[in-house]
A.B. asks: 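First, the structure itself, so that you have it in front of you.
Throughout, numbering of the chain's residues begins at 1 and tracks the sequence. Everything numeric here is computed off the predicted structure, so don't read it as measured data. Note that ligands are numbered from 1 as they come in the structure, with each ligand's atoms numbered from 1 the same way.
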Amino acid sequence: MDLPPEFLTLYSRLDRQGPGTPEDVLWALGRLGLSGPLQVCDAGCGTGADSVTLARALPEAQVEGLDAVPAFIEAGQARVADLPNAALRLGDMGALTGPYDLIWSAGAIYFLGVTEGLRAWRAALAPGGVVAFSQGVFLGGDEPQAVRDFWAPEPALTDREGLRAQVAEAGYEILDTRLLIGAPWEAYYGSVTREIAALRPGASPAMAEVLDASEREGALWRQAPDRIAYELVLARPD
Ligand SMILES: C[S@@+](CC[C@H](N)C(=O)[O-])C[C@H]1O[C@@H](n2cnc3c(N)ncnc32)[C@H](O)[C@@H]1O
């Protein structure tokens with residue numbers, strides 16, 4: 001992935017690269033009844049926030065965080081250094097081999113496409129294996145312009161019903177879903193705002209451009225915090 005170094009500087013400093021909380025991970029593990037010596041992949045792990053939560057919650061499991069951006073993997077290595085059951089590595093989540101009992105993927109499957117991603121992951125699942133992923137959704141009705149502008153970089157985005165259809169098209173059954181709205185986004189954009197403020201003094205023109213773009217994204221979210229959501233989907237192959 002070819003990202004400007006200024007973008008990497010900002011986003012590598014963040015605890016995570018998209019909205020989500022440890023509670024979401026724990027909810028998914030509880031709903032799926034997962035424990036014991038599992039093989040787990042955190043696909044598109046960024047700097048590894050969820051890899052850490054998964055490794056702590058599943059002490060007998062092996063957790064492999066995978067991301068395509070070297071700067072994120074480097075930034076995340078230190079976070080898992082004291083966790084014997086977690087490792088982060090550079091790789092393409094579109095070419096997972098597994099076998100994994102759980103493929104967790106927060107805010108990343110849209111890079112592959114939901115249906116395409118789930119299809120690609122099927123062969124990487126162990127028998128009985130499951131996928132948990134979060135994906136942006138329109139909540140339906142008359143979407144305010146801010147919502148449409150916010151999601152413009154993800155033109156394939158659909159509503160909750162459309163997401164169900166994409167999952168079904170990939171040959172998966174949905175086990176449960178949870179809407180991530182409000183607090184996880186507030187926490188995420190709060191952290192982005194803090195890092196923008198830290199990097200703003202003396203920023204180069206290229207850095208200022210990246211900071212401005214991130215500020216715009218946060219401002220759009222703040223215009224419609226009750227209309228912008230991820231859906232966390234728990235699914236298994238039919
Ligand atoms: C919105 S971020 C979410 C990161 C992390 N899951 C989190 O919630 O903090 C999406 C991540 O997917 C990664 N990504 C995109 N395409 C990828 C691919 N083909 N293989 C591995 N990682 C990929 C990006 O580098 C980025 O770190």
A.B. asks: Can you name the closest pair of heavy atoms from Val80 and Ala87 and give their distance?
C.D. replies: CG2-CA, 4.5 Å

A.B. asks: Could you list the donor-acceptor pairs under 3.5 angstrom formed between side-chain atoms of residues 126-137 and any protein atom two or more places apart in sequence or on another chain?
C.D. replies:
unit_1, atom_1, unit_2, atom_2, d
Ser134, OG, Gly107, N, 2.9

A.B. asks: Only pairs under 3.5 Å count here: list side-chain donor-acceptor contacts from residues 93-103, not counting sequence neighbours, and write none if there are none.
C.D. replies:
unit_1, atom_1, unit_2, atom_2, d
Tyr100, OH, Glu64, OE1, 2.3
Asp101, OD2, Gln39, N, 2.7

A.B. asks: Got Leu88 and Ser51 here, is their nearest side-chain heavy-atom distance under 4.5 Å?
C.D. replies: yes

A.B. asks: Distance-only check: which donor-acceptor pairs under 3.5 Å involve side-chain atoms of residues 229-238, not counting sequence neighbours?
C.D. replies:
unit_1, atom_1, unit_2, atom_2, d
Glu231, OE2, Arg160, NE, 2.9
Glu231, OE2, Arg160, NH2, 2.8
Glu231, OE2, Thr177, OG1, 3.3
Arg236, NE, Glu173, OE1, 3.2
Arg236, NH2, Glu173, OE1, 3.4
Asp238, OD1, Glu173, N, 3.3

A.B. asks: In order of chain and number, which residues sit within 4.0 Å of ligand 1 by heavy atom?
C.D. replies: Met1, Arg16, Gln17, Gly18, Gly44, Cys45, Gly46, Asp67, Ala68, Val69, Phe72, Gly91, Asp92, Met93, Ala106, Gly107, Ala108, Phe111

A.B. asks: Just by modelled atom types, is the Leu58 backbone N or O under 3.5 Å from a matching donor or acceptor in the Asn85 side chain?
C.D. replies: yes

